[in-house]
Amino acid sequence: MRLTTKGRYAVTAMLDLAINTPQGPTSLGDISQRQEISLSYLEQLFARLRRAGLVSSVRGPGGGYLLAKPAEDISVSQVIDAVNETVDATRCQGLSDCQQGDTCLTHHLWCDLSGQIRNFLDDTSLAQLMQRPDVIRIASRQKQRVEAGILASSP
């Protein structure tokens with residue numbers, strides 16, 4: 001099972017946005033700096049997230065992005081789906097052609113695992129992640145590093 005960089009970065013960026021939404025619109029440059037994700041890559045991801053209705057953009061001075069709905073209403077699976085990612089534990093991407101065109105012996109096991117992962121991601125919201133002590137601690141550390149000028153200004 002693998003989740004590509006695109007899915008991981010999208011979830012990370014959305015969590016960063018959710019954490020920083022109380023301060024107003026968040027620029028992609030700020031997310032890029034805190035999360036050390038390329039600005040051009042974030043622009044591509046946020047175009048997809050906007051089309052999916054998960055974020056809205058604010059133009060002009062002090063502009064940036066906001067969550068389009070409350071963090072408790074955005075699941076991790078919605079973010080992953082918005083950037084066209086799948087979480088699939090099968091070798092065949094669920095097509096049942098894993099063994100020379102036929103279903104392999106463990107196909108259904110991996111399909112069940114994929115279903116369990118999907119349910120977990122469906123049931124995990126950005127708001128839940130924001131409340132985790134580890135997320136709070138890491139976000140605080142990232143903010144301190146940015147303020148101290150330790151993180152690169154443009155990865």
Do other residues, nucleotides or ligands put more than 12 heavy atoms under 6.0 Å from the NZ atom of K143?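 Check fails, neighbour count at 12 or below.
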
Tell me whether R132 at atom CZ has more than 12 heavy atoms from other residues, nucleotides or ligands lying less than 6.0 Å away.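 No, CZ of R132 has 12 or fewer neighbouring heavy atoms, counting only those of other groups under 6.0 Å.
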
Give the other cluster members for L66, using side-chain heavy-atom distances under 4.5 Å between Ile, Leu, Val, Met, Phe, Trp and Tyr residues; answer none if it is isolated.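 In the cluster with L66 are V58.
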
How long is the straight-line distance from [atom2] of [Y] back to [atom1] of [X], given to the nearest 0.5 Å?
X	Y	atom1	atom2	result
D112	T90	CG	OG1	11.5 Å
I19	R34	CD1	CZ	8.5 Å
S57	R50	OG	CZ	5.5 Å
L42	Y65	CG	OH	9.5 Å
M130	I136	CE	CD1	8.5 Å
T21	D16	OG1	CG	9.0 Å

Does the pair T103 and H108 meet the rule for a side chain to side chain contact (heavy atoms under 4.5 Å, CB included), with working shown? CA-CA 9 Å; T103 305; H108 297 290; 4.1 Å; yes

Where [X] and [Y] come nearest, the two heavy atoms and their spacing:
X	Y	value
T4	E85	OG1-OE1, 2.5 Å
G7	V83	CA-CG2, 4.2 Å
L67	I74	CD2-CD1, 4.1 Å
P25	G64	CB-N, 3.7 Å
A18	P22	O-CD, 3.8 Å
R48	N84	NH1-ND2, 3.4 Å

N119: what forms a side chain to side chain donor-acceptor pair (under 3.5 Å) with it, not counting sequence neighbours?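 Scan of N119 (side chain to side chain donor-acceptor pair (under 3.5 Å), adjacent residues dropped) gives none.
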
[X] and [Y]: side-chain donor and acceptor closer than 3.5 Å?
X	Y	answer
W110	S114	no
D88	T86	no
N20	T26	no

Test side chain to side chain contact (heavy atoms under 4.5 Å, CB included) on S40 and E43 and set out the steps. CA-CA 5 Å; S40 61; E43 289 168 346; 4.3 Å; yes

Does one hydrophobic cluster hold both L109 and F120, with members joined at side-chain heavy-atom distances below 4.5 Å?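 Yes, L109 connects to F120 through the hydrophobic network.
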
Does L39 share a hydrophobic cluster with V55, counting links as ILVMFWY side-chain heavy atoms below 4.5 Å and allowing steps through other members?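 Same cluster: L39 reaches V55 through Ile, Leu, Val, Met, Phe, Trp or Tyr contacts under 4.5 Å.
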
Quick one: do L121 and V79 satisfy side chain to side chain contact (heavy atoms under 4.5 Å, CB included)? Show the steps, please. CA-CA 10 Å; L121 297 176; V79 175; over 6 Å; no

Let's go through Q35 and Q142 carefully: what are the C-alpha distance in whole Å and the side-chain angles of both, what is the deciding distance for side chain to side chain donor-acceptor pair (under 3.5 Å) to 0.1 Å, and is it a yes or a no? CA-CA 8 Å; Q35 303 310 322; Q142 289 173 339; 2.8 Å; yes

Using a strict cut-off of less than 4.0 Å between a Lys/Arg side-chain nitrogen and an Asp/Glu carboxylate oxygen, indicate whether R118 and D123 qualify as a salt bridge.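 Looking at D123 together with R118, the answer is no, because their closest N to O distance does not fall below 4.0 Å.
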
Polar side-chain atom of S32 near backbone of I37 as donor-acceptor pair, under 3.5 Å: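 A pair under 3.5 Å: yes.
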
Under 3.5 Å donor-acceptor, Q128 side chain and S125 backbone: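 Confirmed, Q128 side chain pairs with S125 backbone.
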
